[in-house]
Structures are given as C-alpha cells and as structure tokens.
Amino acid sequence: MNNLLEETETVKLQDPTTKYPAPPFEKQQEIPVPGEEKDLYPKADHGEESYRGTDKLKGRKAVVTGADSGIGKAVAIAFAREGADVVIAYLSDKEDEDARDTARWVEEAGRKAILFKGDLSKAENCQKLVATAVDGLGHIDLLVNNAAYQMAQEGIEDISNDQWDHTYATNIHSMFYLSKAAIPHMPPGSSIINTTSVNAYDPTPLLLDYASTKGAIQNFTSNLAQSLLQNGKGIRVNAVAPGPIWTPLIPSTMPNYKEFGDNTPMKRPGQPIEVSPIYVFLASEDASYIAGATIPVTGGRVTI
Ligand code: NAD
Ligand code: MG
C-alpha cells in the first residue's frame with residue numbers, strides 16, 4: 001500500500017457550499033477577451049498548493065488546449081503531477097504569462113512542458129499543434145479538447161454572422177480538426193476528453209451560439225467514442241460538462257458575473273481544481289470501461 005497520509009491523519013471534511021468564495025463578486029473594469037488570470041479577483045484555485053498525484057498517468061504524453069488558464073491550467077498541473085508530459089496550447093501573446101506559469105508548474109512536477117501558441121479555429125494550426133506534440137513527445141496518449149470562445153449577447157439579432165462562425169470554428173470545428181490529426185498518433189489505450197458544458201443540457205439564452213456548440217460537442221463525443229471502438233482503435237472518448245467555473249472566460253465575456261454561480265444549489269461557482277480530477281480519472285486506467293460518457297461537474301445543477 002502506498003498511503004500518502006500518516007496512520008493517524010484523516011482527510012479534512014469540508015462543507016462544499018462554503019469551501020470556496022461565493023457571490024457577490026466585485027465587478028472589475030471591462031476586460032477584453034481572452035481574459036487573463038490576473039483579471040480574476042479573487043484568484044482562482046488550480047490546485048497549485050493542493051493537488052497530489054499518485055502516478056495515475058506516469059509516462060503519458062498529453063496535449064491540453066486552453067491550458068494557459070482556467071480549467072485547462074488545472075488539468076495540465078494535475079496531469080503533470082500524475083506523471084504526464086504536457087503540450088500547453090493557448091491562443092494569444094496576451095496569455096504568454098499565464099502559459100509560462102502553467103509550464104513552470106508542469107516542470108516543477110518533473111515533467112516536460114511544451115508551449116504552443118495559435119488560433120485553433122483554423123485547421124492548419126490544429127495540424128501544427130499535433131505535429132509539435134509528436135515532434136516533442138513522440139506520440140499522443142491524451143488529447144484534451146478544452147479551448148473555447150463565448151461572448152454573451154442579448155438576442156439572436158445581436159449575434160453577428162462572424163461571431164456565430166467564430167464560435168463554431170473555435171469550439172467544435174477545432175475538435176474535429178484536432179481529433180482527426182491526432183488519432184493516427186494515438187496508440188490503443190489512449191483517451192480523448194472534450195470540454196462541453198451544463199449549457200448542453202440547460203442552455204442560457206445569453207449564449208445561443210456557444211450553448212449550441214456545447215450540444216454538438218456532446219453528440220460528437222458519443223459518436224466518435226463508438227466509431228473509434230468499433231473501428232478497432234482502442235481509444236476512449238469522453239466529455240466533461242462543467243457548471244459555472246471561476247476562470248478568466250467569465251469576467252471577459254459575461255455581463256452579470258457579479259452573481260456568478262448563484263444559479264447552482266451550492267450558490268457559488270466551482271474552482272478549476274474542482275473539475276480537473278475528473279479529467280485525470282477519465283484519462284486513467286480507472287476509467288477503462290468508460291466511453292462516450294459526459295460527466296457533469298455542476299455544483300448540483302441538474303443535467304437530466
Ligand atoms: P479560459 O479562458 O481560462 O480558457 C479558455 C482558453 O481557450 C483560453 O485560455 C484561450 O487560450 C483558449 N482559446 C480561446 N479561443 C481560442 C482559439 N481560437 N484558439 C486556441 N485557443 C483558444 O476559460 P475556461 O472557463 O477554463 O474554459 C475552458 C473550457 O471550459 C471551455 O471549453 C469552456 O467552454 C468550458 N466551460 C467553462 C465554464 C465556466 O464557467 N468557466 C463552464 C462550462 C464549460
Ligand atoms: Mg487564457
């Protein structure tokens with residue numbers, strides 16, 4: 001047995017409703033997209049001080065998109081502490097500092113970190129990301145399709161055709177391009193994990209374009225899962241559906257984030273560290289019979 005706690009220690013019991021900050025949150029100045037970690041007050045918890053790995057992903061080669069900040073950052077840190085090397089993909093120069101911080105945590109865990117900056121709404125950049133991962137790590141065991149775009153709008157008339165196209169290209173087209181490019185480099189036992197949202201079940205009218213991409217991601221996930229198993233690839237595909245999570249996406253795209261998380265039974269948003277363990281689980285051997293599933297992490301919001 002490999003116990004991390006001493007014989008006499010116990011795991012602290014905590015009430016989940018009071019474990020992390022709850023609204024109202026202070027509205028900061030207008031924040032342009034993509035938001036940065038420094039835009040978040042209070043700061044988000046990515047497990048920097050708390051996540052303890054137990055070799056669940058020892059030796060795995062991972063690609064995580066949107067890994068500079070938010071959920072992707074927490075996933076990259078957890079994967080590295082479980083023993084994986086990580087390609088950290090992100091969008092823009094503005095996020096260089098966030099991405100370097102993620103890389104620092106990955107390296108501190110003793111793993112290799114490779115940074116990749118580029119717009120994944122474009123097929124050629126998705127192919128470049130896969131080529132970078134294969135060059136740097138040899139192959140890919142874990143692909144986490146997590147990057148996304150959203151911008152709240154009052155009604156359908158406020159969503160420009162460009163916004164519609166960009167949301168779809170970023171959120172779902174990239175998932176197709178990346179999966180298609182990566183699968184030939186993924187051995188049996190590998191796993192693809194897609195980030196969908198509670199919006200796939202209970203869409204908010206402020207996010208018509210975004211919410212509908214999340215529904216598409218869920219359908220894509222269950223379909224690709226069946227297809228890869230039936231075609232003998234031995235690759236599992238699953239999705240995670242977060243509820244409201246405290247990340248830079250929120251203050252940069254939501255008008256009323258002061259009350260963010262209030263619409264959950266826990267009356268607070270989740271933190272990235274409360275989502276990342278599910279990605280670890282789905283990526284690990286513990287989930288060997290789970291495919292085509294979506295796991296909700298919603299603070300009690302209903303997803304049936
Ligand atoms: P985030 O802003 O920290 O992460 C999103 C990342 O996506 C950004 O860091 C950015 O680098 C990347 N990105 C955006 N557009 C891109 C593009 N065109 N090309 C390449 N990269 C691009 O926010 P987050 O909340 O951690 O988001 C991660 C995922 O979680 C997204 O799929 C989001 O839809 C999903 N999600 C978030 C919430 C929430 O409340 N925060 C809820 C449900 C689902
Ligand atoms: Mg970011």
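Order of listing sets the numbers, starting from 1, for every ligand and every atom in it.
Here's the thing with P248: none of its N/O atoms is less than 3.5 angstrom from an N/O atom of ligand 1. The N/O atoms of I245, backbone and side chain alike, include one that comes under 3.5 Å of an N/O atom in ligand 1. Checked against a 3.5 angstrom limit, the closest N/O atoms of P34 and ligand 1 fall outside it. In terms of polar-atom proximity, E95 is counted as a contact of ligand 1, with an N or O under 3.5 Å from an N or O of the ligand. The distance criterion of under 3.5 Å between nitrogen or oxygen atoms is met by L91 with respect to ligand 1. Residue contacts with ligand 1: Y90 is placed with no nitrogen or oxygen under 3.5 Å of a nitrogen or oxygen of the ligand (distance criterion only). The shortest N or O to N or O distance between S69 and ligand 1 is under 3.5 Å. In terms of polar-atom proximity, defined here as any N/O pair under 3.5 Å, D68 does make such a contact with ligand 1. Looking at T247 next to ligand 1, an N or O pair under 3.5 Å apart turns up.
Side-chain atoms of F79 and Y51, non-hydrogen and from C-beta on, never get closer than 4.5 Å to each other. With contacts defined as side-chain heavy-atom distances shorter than 4.5 Å, the pair Y210/S197 qualifies. Residues P23 and F260 form no side-chain contact, since every pair of their non-hydrogen atoms from C-beta on lies 4.5 Å or further apart.
Distance check, rounded to the nearest 0.5 Å: CG of L142 to CD1 of I235 gives 11.0 Å. Atom-to-atom distance recorded for S284:OG and D55:CG is 12.5 Å, nearest 0.5 angstrom. To the nearest 0.5 angstrom, M175 atom CE is 10.5 Å from L120 atom CG. With values rounded to the nearest 0.5 angstrom, T18 atom OG1 is found 8.0 Å from R268 atom CZ. Here CG of L143 is found 7.5 Å from OG1 of T65. Values are rounded to the nearest 0.5 Å. Separation of atoms CD (E274) and NE2 (H46) is listed at 12.0 Å; rounding is to 0.5 Å.
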Please test Q127 against K180 for side-chain contact (heavy atoms from CB on, under 4.5 Å), starting from the C-alpha separation and ending with a verdict.
-> CA-CA 9 Å; Q127 285 149 10; K180 192 172 160 185; over 6 Å; no
Determine, stepwise, if the pair Y168 / S212 fulfils side-chain hydrogen bond (donor to acceptor under 3.5 Å, both in side chains).
-> CA-CA 9 Å; Y168 266 75; S212 56; 2.7 Å; yes
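Put simply, part of K214 is less than 4.0 Å from ligand 1, judged by heavy atoms. A heavy-atom separation below 4.0 Å is not found between W246 and ligand 1. In this structure, T170 counts as a contact residue of ligand 1, since one of its heavy atoms falls inside 4.0 Å of the ligand.
Y210 OH, 3.4 Å is the protein heavy atom nearest to atom 33 (C) of ligand 1. Considering only non-hydrogen protein atoms, atom 14 (C) of ligand 1 sits nearest to A148 O, 3.3 Å. Protein heavy atom nearest atom 44 (C) of ligand 1, with residue, atom name and distance: T196 O, 3.3 Å. Atom 42 (C) of ligand 1 has its closest protein heavy atom at G243 O, 3.0 Å. Here the heavy atom of the protein found nearest to atom 12 (C) of ligand 1 is A147 CB, 3.8 Å. Atom 35 (C) of ligand 1 has as its closest protein heavy atom T195 CG2, 3.5 Å. Summary of contacts: the protein heavy atom closest to atom 19 (N) of ligand 1 is L120 N, 2.8 Å. Of the protein's heavy atoms, G118 O, 3.3 Å lies nearest to atom 20 (C) of ligand 1.
The G70 neighbourhood of ligand 1 comprises atoms 3 (O), 26 (O), with distances under 4.0 Å to a heavy atom of that residue. Near D119, the atoms of ligand 1 lying under 4.0 angstrom from a non-hydrogen atom of the residue are 17 (C), 18 (N), 19 (N). Close approach of ligand 1 to F260 is summarised as follows: ligand atoms under 4.0 Å from at least one heavy atom of the residue are 40 (O). Close approach to N146 involves these atoms of ligand 1, each under 4.0 Å from a residue heavy atom: 28 (C), 29 (C), 30 (O), 31 (C), 32 (O). Residue-ligand proximity, P244 to ligand 1, at heavy-atom distances under 4.0 Å covers atoms 40 (O).
Donor-acceptor pairing under 3.5 Å is lacking for the side chains of D98 and S69.
Contact annotation: S69 places an N, O or S atom under 2.8 Å from the Mg ion (ligand 2).
When you scan the N, O or S atoms of D68 for the one nearest the Mg ion (ligand 2), you land on OD2. Nearest to the Mg ion (ligand 2), among the N, O or S atoms that E95 has, is OE2.
Among T247, D101, D68, N146, the one residue that satisfies the side-chain hydrogen bond (donor to acceptor under 3.5 Å, both in side chains) test with K73 is D101.
With respect to K61 and D141, no salt bridge is recorded, no charged nitrogen being found less than 4.0 Å from a carboxylate O. Contact check on E124 versus K122 returns no salt bridge, with no Lys/Arg side-chain nitrogen under 4.0 Å from an Asp/Glu carboxylate oxygen.
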